[in-house]
Colleague: 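Just passing along the structure, written as structure tokens.
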Amino acid sequence: MNRRRLALAVLPLLLAVTGCTSGTADDEPAPRPAAAERPSPFRDCATLSTAPTATSPGSGTATPTTATPASPGTTAPNGTTARAAGGSALPELTLSCFTGGAPVVLREVAGPAVINVWASWCPPCRKELPAFQRLSERAAGQLQVVGVNSRDSRGGAQSIGEDFGVRFPILVDQGEALQRELKRNAIPLTLFVDADGQVRHIDASGALDDTRLAKLVRQHLGLAVPA
């Protein structure tokens with residue numbers, strides 16, 4: 001009799017414990033939403049095929065001057081070989097834009113333009129990027145500054161843009177296609193493209209500062225930009 005009374009007393013406790021652990025799927029907490037992707041610090045690429053004009057919003061103070069491209073085979077003061085006076089067309093490549101949207105045909109980037117090939121893991125690239133950002137501000141409406149992020153992670157490139165205040169448009173070249181076409185292995189590389197879409201000079205001297213960058217723009221594109 002005592003055992004029967006004990007069993008009856010314990011039964012409700014067992015049922016109560018079972019009810020706490022056997023809820024339905026509706027009782028489970030909803031999964032947390034995935035963290036939103038950080039907005040890109042870079043501008044989109046929609047206007048790269050439109051030639052810069054002096055009446056563009058935020059026009060800078062660059063002014064036309066007389067360019068004096070180096071002769072074929074001559075050596076520039078920094079030790080790099082300058083392009084021939086006639087230049088050469090940009091490679092036939094189509095690259096994606098960091099911010100998404102339609103891919104960009106490189107030959108359709110309207111000059112004058114300065115195209116910088118860089119990566120977040122490259123110390124001289126990181127060192128010179130702020131100078132390119134300042135050039136994009138000082139010469140707005142006179143030339144375009146475009147970045148080509150090469151063999152890099154999206155997170156690394158994004159962090160550099162955020163930390164260094166880089167805002168100009170960035171194309172993505174994870175397979176180093178542009179470097180292969182140019183037959184160049186190392187970065188940074190900087191291409192100076194004139195208004196006719198001809199590459200007037202490729203600089204591979206290392207980290208460029210404001211003064212050197214302004215000098216190259218004047219020499220190869222015929223624009224005077226304050227350093």
Colleague: If I take atom CG from residue Leu143 and atom CG from residue Leu223, how far apart are they, to the nearest 0.5 angstrom?
Modeller: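 Reported to 0.5 Å precision, the distance equals 5.5 Å.
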Colleague: Might you point out which heavy atoms bring Ala214 and Val225 nearest each other, and give the distance in Å?
Modeller: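 What the structure gives for the nearest pair is CB-O, 3.4 Å.
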Colleague: Return the CG to CG distance between Leu213 and Leu208, rounded to the nearest 0.5 Å.
Modeller: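 The CG atom of Leu213 sits 5.5 Å away from the CG atom of Leu208.
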Colleague: Could you pull out the closest heavy-atom pair between Leu221 and Val193, with the gap in Å?
Modeller: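 It is CD2-O, 3.3 Å.
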Colleague: Under 3.5 Å, side chain of Arg151 to main-chain N/O of Gln174, donor-acceptor pair present?
Modeller: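 Answer holds: no.
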Colleague: Whether the side chain of Glu108 engages the backbone of Ser49 through a donor-acceptor N/O pair (distance < 3.5 Å, no angle test) should be reported.
Modeller: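 No; judged by distance alone, with no hydrogens or angles, the pair does not exist.
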Colleague: In this structure, would Leu171 and Trp121 fall into the same cluster of hydrophobic residues linked by side-chain contacts under 4.5 Å?
Modeller: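 In one cluster with Leu171: Trp121, yes.
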Colleague: Is there side-chain contact between Leu129 and Ile160, with at least one heavy-atom pair below 4.5 Å?
Modeller: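 A side-chain contact under 4.5 Å exists here.
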Colleague: Can you tell if the side chain of Leu135 reaches within under 4.5 Å of the side chain of Val217, non-hydrogen atoms only?
Modeller: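 Contact flag for Leu135/Val217 side chains = yes.
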Colleague: What heavy-atom pair brings Cys45 and Pro169 nearest, and what distance separates the two atoms?
Modeller: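 Shortest heavy-atom separation between Cys45 and Pro169 comes out as SG-CB, 4.1 Å.
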Colleague: Is the shortest heavy-atom distance from the side chain of Trp118 to the side chain of Ile187 under 4.5 Å?
Modeller: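 Side chain of Trp118 against side chain of Ile187, heavy atoms only: no contact under 4.5 Å found.
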Colleague: Taking the side chain as C-beta and beyond, is there a heavy-atom pair between Phe192 and Leu216 under 4.5 Å?
Modeller: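 Phe192 vs Leu216: side chains touch.
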Colleague: Taking all atoms of both residues into account, what is the closest heavy-atom pair of Val145 and Phe132, and its distance?
Modeller: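 Taking every non-hydrogen atom into account, CG1-O, 3.9 Å.
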Colleague: Got a donor-acceptor contact below 3.5 angstrom from the Arg180 side chain to the Gly175 backbone?
Modeller: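 Answer holds: yes.
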Colleague: Distance from His220 atom NE2 to Thr190 atom OG1, nearest 0.5 Å?
Modeller: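 Separation between the atoms: 11.0 Å.
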Colleague: Under a 3.5 Å distance rule, please check whether Asp173 uses its side chain to pair with a backbone N or O of Ser150 as donor and acceptor.
Modeller: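 No, the answer is negative, given that no donor and acceptor are paired below the 3.5 Å cut-off.
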Colleague: Find out whether Pro124 and Cys122 are in side-chain contact, i.e. whether some heavy atom of one side chain is under 4.5 Å from a heavy atom of the other.
Modeller: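 Yes, close enough: below the 4.5 Å cut-off.
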Colleague: Can you check whether Leu48's main-chain N or O pairs, donor with acceptor, with Gln144's side chain at less than 3.5 Å?
Modeller: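 Indeed, once roles are kept as given, a pair shorter than 3.5 Å links the two residues.
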Colleague: For the side chain of Ser153 and the backbone of Gly156, is there at least one donor-acceptor N/O pair under 3.5 Å apart?
Modeller: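 Checking the backbone N and O of Gly156 against the side chain of Ser153, a donor-acceptor pair under 3.5 Å is found.
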Colleague: How far apart are the C-alpha atoms of Leu93 and Leu178, what are their side-chain angles, what is the distance that settles it, and do they pass the side-chain contact (heavy atoms from CB on, under 4.5 Å) test?
Modeller: CA-CA 7 Å; Leu93 295 175; Leu178 178 55; 3.9 Å; yes
Colleague: Would Leu182 and Leu191 count as a side-chain contact (heavy atoms from CB on, under 4.5 Å) if you check the C-alpha gap in whole Å, the side-chain angles of each, and the deciding distance to 0.1 Å?
Modeller: CA-CA 10 Å; Leu182 298 174; Leu191 286 65; 3.9 Å; yes
Colleague: Looking at Gln158 and Phe98, what are the two nearest heavy atoms and their distance?
Modeller: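 Heavy-atom minimum between the residues: OE1-CE2, 3.7 Å.
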Colleague: Show your reasoning for whether side-chain hydrogen bond (donor to acceptor under 3.5 Å, both in side chains) applies to Glu128 and Asn116.
Modeller: CA-CA 10 Å; Glu128 70 178 4; Asn116 178 245; 3.0 Å; yes
Colleague: If you apply the rule side-chain contact (heavy atoms from CB on, under 4.5 Å), what do you find for Val109 with Val104, and how did you get there?
Modeller: CA-CA 8 Å; Val109 172; Val104 175; 4.1 Å; yes
Colleague: Find the distance between CZ (Arg43) and OG (Ser136) and round it off to the nearest 0.5 Å.
Modeller: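 Output value for this atom pair is 7.5 Å.
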Colleague: To the nearest 0.5 Å, what is the distance between NZ (Lys215) and CG (Asp210)?
Modeller: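 Between Lys215 NZ and Asp210 CG, I get 15.0 Å after rounding to 0.5 Å.
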Colleague: With the side chain counted from C-beta on, respond yes when Val166 and Pro41 share a heavy-atom pair under 4.5 Å apart, and no when they do not.
Modeller: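 Contact flag for Val166/Pro41 side chains = no.
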Colleague: Quick check: do Val172 and Cys97 have side-chain heavy atoms less than 4.5 Å from each other?
Modeller: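 They are not in contact (no side-chain heavy atoms under 4.5 Å apart), so the answer is no.
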Colleague: Let's go through Thr99 and Asp44 carefully: what are the C-alpha distance in whole Å and the side-chain angles of both, what is the deciding distance for side-chain hydrogen bond (donor to acceptor under 3.5 Å, both in side chains) to 0.1 Å, and is it a yes or a no?
Modeller: CA-CA 6 Å; Thr99 59; Asp44 64 47; 5.7 Å; no
Colleague: Would you mind reporting whether Asn185 and Gln179 have side-chain heavy atoms less than 4.5 Å apart?
Modeller: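 They are not in contact (no side-chain heavy atoms under 4.5 Å apart), so the answer is no.
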Colleague: Return the CG to CD distance between Leu90 and Gln198, rounded to the nearest 0.5 Å.
Modeller: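 One gets 8.5 Å once the value is rounded to the nearest 0.5 Å.
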Colleague: Taking 4.0 angstrom as the limit, do Asp209 and Lys127 come out as a salt bridge?
Modeller: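 No, this pair does not count.
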Colleague: Can you give me the closest heavy-atom contact between Arg167 and Gln133, atom names plus distance?
Modeller: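 Looks like N-OE1, 2.8 Å.
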